[in-house]
Every structure is written in structure tokens, then in C-alpha cells.
Amino acid sequence: MSIPVTTRFAPSPTGALHLGNVRTALFNWLYARRAGGRFVLRIEDTDRERSSAALEAALVAELRWLGLEWDAGPDREDARGPYRQSARAAIYAGAFARLEAEDRAYPCFCTALELDVERRRRLAAGLPPRYAGTCANLGAAERAQRVAEGRPATLRFRVTTGEAIEYEDLVRGPQRFVSDDLGDFVIRRADGSAAFLFSNALDDAAMGVSDVLRGEDHVANTPRQRLIARALGLDPPRYGHLPLLVGEGGAPLSKRDGSASVAELREQGYLPEAILNLLGRLGHRYASEGWLTREGLIAGFDLAALGRAPAHFDRAQLRHWQREAAHRADAAKLEDWARGHVPPGREAAFVAAVRANLELPADAATWGHLVFGELPCAGGENARLIAGAGTAFWDAALEALAEDADYATLIARLKAATGRGGAALFKPLRAALTQRADGPELAALLKVMPPAVAMARLNAARALTENSATRP
RNA sequence: GCUCCCAUCGUCUAGAGGCCCAGGACACAGCCCUCUCAAGGCUGGUACGAGGGUUCGAAUCCCUCUGGGAGCGCCA
């Protein structure tokens, strides 16, 4: 019994989860879900120096937050695991021993310096920098002697020359590599740990991964990994290489592109669905250009719709999807945003009034303050608008409010008292009430704004008007 | 240096020889709606990197150039 599709996400906990990584995770997740298959999380923490449990925990938390749930992983072990590479040393050791016994791999005693010199020499000669094979054919005696000298050794995979390695890339189509271009590569570091190429290839096969979508920076790794799988008698997965996600100017995505890390976006209040709607369309096309639910994202995912050119991350597009997400968000979610920025118990009424203007939690804070808080004295354009309305305007407004008149009545009184209408009426009123030129409907705003606050602001406006009138 | 990949509006992209003097979305501008602004609706401007072929016809096929990206590690 074979499972049709198993994909995986295999991050190494050496840094914050990046939008580029997340997109890779997302595509694998979507592909598995679309196919009704499995999605696996494997933690690649063989580099013990740089990996940390805290980073792993953060990474797991962010994936969960995004809703990219997995069927097997370090927290959900099954027979194919363990899913943390640091726990798989014995498995790798067995494979190393076997390859070495079969002479598919050999110890290499070259030092970093020697390798570097050779690399430069080849580069200078216009040749690709590739391992020269210095240690490939050492006799048993020579090896024993070097070991006896206590010289550290890596284990190199022996690549037979003159072989063509061909396969079909899920995204790029037919691929062909010549083994001569590969060079013997390191599969075990001098400290005994497994190198990425090796553990990654072995684990994909051992964990039953059928399909891998990964960044195009892995293209050249693929032939090597196929060689490893073959030498181990394992079935390699199909590979698809995605164009990279880049930032402004086509440079690799970085902090300069503003919050390229998931943690930061989450902190700013971006919603998972917004991020998913954006990422799903970067290097991949959905038939629908509108908002997609999680189910829609899954149903519309298609390998054939994957592009091959690098995709740019654009902040404006993120904001667009965030606005969409915020407009669709549960009132409860928006009330969370409002909590602490509005008087307790007023969250629901507040959200009902301003929700069209809420895009991020920061907006809830802004409007919470503008509706319930203390405003400084109006200045600039606001002061000009307020003073320009004249004292009769404010007197009428105060009078109406004191009588607890409803909004329509208030407006009618103002019109009657001043003859103003349209912008001439609303601009000063809005300036007095919120000191902002934009915002939610005044009617709705006045409904949530405590009468005392509204009165105070109108009084302030009247005082300001009077002041500027007596001091021409 | 060598190998591989890519190239349509500012950005995401549609386009697999005539349906394209290039379509959509975001952003931008204007208009409508509304008692203001936002939200919503509508309209508009902006792109096939360059040069050569092939063809009756090319954004689409081929070549060269240019530009961008990736790789060539005891990093993943």
C-alpha cells in the first residue's frame, strides 16, 4: 500500500521563519492537501552549533499559527521517524558504514586550506571549482597511516564519471546532469555529523516523501541526492524547484523589505489568511484573483500554475490582502484588537462603528483613542476648519447634544442654525470630534462616542472659535 | 571563470503563431455613491529588454546581445 502523495517541510532551526521559507512550506502543504496526501515536518538540526530549541519552538509555533498543520513531525512521531535529525545519528551511521564498506564513499584527509588553495587554482584556470579527488584512491595502508597520525577526515561520496543523470523536475521539466560536473562531495563532516545533502536525501526517501517542492537554489543538489538514494537502494522523491522570492530591486528577500519574517508580521497583527493569500500567488497563479479561503487555496493549487521567474515581495500587496482579511475577520478578532484601547465592555459597539477602517491592530488603537481618549488642542488645518464654522455652529451642536438629540436631528439643527451643508458642515464637525479628515461614518462614530467626550470636544471647538474671533 | 534558469505595466501575472496596436489584480489618478473622509462601485494611464532571423502573420518559435537570478563548500 503506497500513499499517493507525501510532501514535507524541512527547515533548520537556525533563524527566524522567513516569508520565502513559508512560501515553500505553504506550497508543499497545499500540494499534499490538494492530493489528499500527507504533509510532514522534519527538523534539520544537524548543525548543532547554529540550531537551537528556542528557534525550533518559534518555528513550530509560527507554522501552527499559519495553520499549516502536519501529519507527522517531532511532536507527532510515527514509525518513519524520528522527525528530528539530531535523533537520527544512528541511522546515518549505519548508512555511512555501508557506503564505506562498498567503497561508494571514502575518507578524505584534505584540510580546509588545501581545498581552498585547489579551489582558487581551478578558478584562476577558468575551471569549475571542484574536488580534485586527492584522497579518492588512497591505499589501505596510506589511509591507516593518516588515521594513525590523528588526521581528521570527512567522508566523501564517490561519483563515477561519465554518467548522465536524468530526471523530470516537477516545475522545470526534463533535467540532465553529467556526473563529471559533480565531483566527489562530502557526506559526513569531520566531526562525524551528516552533511545536509546526505541526511536530507536519506530522510526524504526513508520517510516516504514522494514529492518535494523547494527553492531553486537546490537544483544542483538534486543529481547528488539522487545518487545517494540510489547507492542506498532507496526511492528518491520527485523534485520541483521553485523560483526564489526576492525583495525590492530583485535582491534576495531581507529585513530591508520590511518585516520579511513571519514573527514580525504576526506581531504587527497581520492575519494568517492574508499572508497565505499573498504567498499563494507569488510564483503561482490562481484562477481567481479574489480572496480565497483556506479551502479555496487548496482546491486551486496546481503545479502547472507554478512560474519560473523570481517573484517580488511587495508590501502594498500584503496590505491589500490584510485589508481583505480584516474585513472578513470575525468581530471577536477585531474586538481583541480593540481590547485595552477602548473602555471595557465597549469593544463590540466600537468595532461595529469603525470596522471598515480597521486594517491592523494599530488602527484599533488609533481609533480607540480618537473615540474615547483625550485629544490635544486642535491645530493647523483642523483649527482652521473649526474656527471657520463660527460660534453659532458650535452653540447649535452643543445644544442638540445636550438634549440628547439623535444624529439626524443634530445635522438638521446645524443646517438650520448656520445654513451650512455638505463638506462645509461635516468637515468642521469631524475636525472637532476626531481631529481627523477621514474615518468611519460620523453617525456611527457618535453612537459609540460617550456623550461627555463629544460634549467636551464640542466645547473645546467653541472655545477655539471664540478665541480666534476675539483675536483677529 | 564554468554550468543552469529566467525576462510582459511600478509589483503579482494572463498570454502555449492570428482571438493582443496585449487581458486581469495590487498600487496610482479621476468619477460615482454618501450629508464629509474611509469602505464600496465605475473609468483611466502605464508593459511585450535590444537586435537579427523563421513566417502571409510573432509577446508567443530560433539565434545573438543585454539584464537579472541560482549553483559550483566540512551552509543548509
Side-chain angles (χ1 to χ4, degrees), chain A residues 10-12 14-15 44-47 49-51 108 110-112 115-116 119 122-131 152-156 169 171-172 175-178 181-183 185-197 199-200 214-221 241 243-244 246 248-252 278 281-290 305 307-321 323-324 327 354-359 385 407-408 411-412 414-415 420-431 434 436-443:
Chain A
S12 66
T14 55
E44 306 222 327
D45 57 349
T46 55
D47 185 344
E49 288 288 297
R50 302 199 303 145
S51 299
C108 168
C110 297
T111 64
L115 293 172
D116 192 47
R119 183 161 35 240
R122 291 185 61 101
L123 230 28
L127 295 165
R130 193 170 295 138
Y131 181 60
T154 60
L155 191 64
R156 275 185 195 273
D169 188 289
V171 179
R172 311 177 146 217
Q175 303 288 306
R176 182 189 159 89
F177 290 84
V178 180
D181 291 341
L182 266 28
F185 53 90
V186 171
I187 55 177
R188 186 182 63 205
R189 306 184 187 99
D191 67 4
S193 62
F196 161 80
L197 273 172
S199 52
N200 183 270
R214 54 176 8 177
E216 73 169 14
D217 47 332
H218 288 292
V219 169
N221 292 332
H241 291 91
L244 262 25
V246 298
E248 308 281 310
L278 174 73
R281 290 171 225 260
L282 253 25
H284 174 267
R285 191 182 74 87
Y286 276 104
S288 157
E289 282 180 322
R308 299 212 207 169
H312 289 69
F313 166 73
D314 179 12
R315 185 124 197 129
Q317 254 145 22
L318 206 216
R319 293 192 68 98
H320 164 72
W321 293 117
R323 198 177 307 126
E324 293 280 328
H327 288 168
V354 307
R355 72 169 296 156
N357 291 71
L358 298 183
E359 185 178 312
L385 280 166
Y407 179 72
I411 298 307
L414 285 173
K415 269 187 187 162
R420 285 171 176 254
L425 190 160
F426 290 94
K427 283 192 171 171
L429 188 57
R430 184 176 281 281
T434 66
R436 287 269 300 238
D438 60 353
E441 299 251 8
L442 274 180

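What's counted below: heavy atoms across the whole structure, side chains too, no hydrogens, waters or symmetry copies. Naming: A, B, ... by sequence-line order, numbering from 1 per chain. Predicted model, so just to flag it, every value in this text is computed and none were measured.
- For the P atom pair drawn from B/U54 and B/A29, the interatomic distance equals 47 Å after rounding to whole Å.
- Taking the C1' atom of each, B/C33 and B/U43 are spaced 15 Å apart, rounded to whole Å.
- Nucleic acid contact class of A/Gly283 (heavy atoms, under 4.0 Å, all strands): sugar-phosphate only.
- If you check B/C72 for Watson-Crick or wobble pairing at under 3.5 angstrom, you find it paired to B/G1.
- Residue whose closest nucleotide on RNA chain B sits further toward the 5' end, between A/Leu425 and A/Arg285: A/Arg285.
- A/Leu429 comes within 4.0 angstrom of nothing in the nucleic acid, heavy atoms only.
- Residue contacts shown for A/Arg50 are limited to sugar-phosphate atoms, with no base heavy atom under 4.0 Å away.
- Atom CG in A/Asn221 sits about 12 Å away from atom P in B/C74, given to the nearest Å.
- A/Asn200 comes within 4.0 angstrom of nothing in the nucleic acid, heavy atoms only.
- The CG atom of A/Leu278 lies 10.5 Å from the CZ atom of A/Arg315; values are rounded to the nearest 0.5 Å.
- Counting non-hydrogen atoms under 4.0 angstrom, A/His241 reaches nothing in the nucleic acid.
- Going from the C1' atom of B/A59 to that of B/G15 covers 8 Å, rounded to whole Å.
- Residue contacts for A/Leu123: at a heavy-atom cut-off of 4.0 Å it reaches a base atom on one of the strands shown.
- Taking CG of A/Leu442 as the start and OG1 of A/Thr434 as the end, the distance is 7.0 Å to the nearest 0.5 Å.
- To the nearest 0.5 Å, atom CZ of residue A/Arg122 and atom CZ of residue A/Arg130 are 6.0 Å apart.
- Neither OP1 nor OP2 of B/C2 sits under 4.0 Å from any side-chain N or O of A/Arg130.
- Look at the P atom in both B/A70 and B/A58: the space between them is 35 Å, to the nearest Å.
- Nucleotide B/A14 forms a pair with no other nucleotide shown, judged by Watson-Crick or G-U wobble geometry with both contacts under 3.5 Å.
- Figure legend. B/C42 is base-paired to B/G30; pairs are counted as Watson-Crick or G-U wobble with both atom distances under 3.5 Å.
- Residue contacts for A/Ser12: at a heavy-atom cut-off of 4.0 Å it reaches the sugar-phosphate backbone alone, with no base atom in range.
- Within 4.0 Å (heavy atoms only), A/Arg122 reaches no atom of the nucleic acid at all.
- One P atom belongs to B/C72, the other to B/A16, and the distance between them is 37 Å to the nearest Å.
- Atom CG in A/Leu425 sits 7.0 Å away from atom NZ in A/Lys415 (nearest 0.5 Å).
- Between the CD atom of A/Glu289 and the P atom of B/A27 there is a distance of 13 Å, given to the nearest Å.
- Spacing between B/C37 and B/G10 at atom C1', rounded to whole Å, works out to 27 Å.
- At a threshold of 4.0 angstrom between heavy atoms, the contacts of A/Glu441 include nucleobase atoms, whether or not backbone atoms are also involved.
- Mapping A/Thr46 and A/Val219 onto RNA chain B by nearest heavy atom places A/Val219 at the nucleotide closer to the 5' end.
- Pair assignment for B/A50: B/U64, on the basis of Watson-Crick or G-U wobble contacts that are both within less than 3.5 Å.
- Atom pair A/Asp217:CG and B/U3:P shows a separation of 21 Å (rounding to whole Å applied).
- Residue contacts for A/Ala195: at a heavy-atom cut-off of 4.0 Å it reaches no nucleic acid atom on any strand shown.
- As rounded to the nearest Å, B/A50 and B/U8 have P atoms that lie 11 Å from one another.
- Using a 4.0 Å heavy-atom criterion, one finds that A/Arg176 contacts no nucleic acid atom at all.
- With rounding to whole Å, A/Glu216 atom CD is found 11 Å from B/C5 atom P.
- Within 4.0 Å (heavy atoms only), A/Glu44 reaches sugar-phosphate atoms of the nucleic acid but no base atom.
- Backbone-only engagement by A/Arg308 is indicated by non-hydrogen atom pairs under 4.0 Å involving sugar-phosphate atoms exclusively.
- Distances shorter than 4.0 Å separate none of the side-chain N or O atoms of A/His312 from OP1 or OP2 on B/U11.
- Taking the P atoms as reference points, B/G49 lies 14 Å from B/C12, given to the whole Å.
- Counting any heavy atom pair closer than 4.0 Å across all strands shown, A/Arg172 reaches sugar-phosphate atoms only and no base atom.
- The distance from the CZ atom of A/Phe196 to the OG atom of A/Ser12 is 9.0 Å, given to the nearest 0.5 Å.
- Here A/Arg315 does not reach the OP1 or OP2 of B/C12: none of its side-chain N or O atoms lies under 4.0 Å away.
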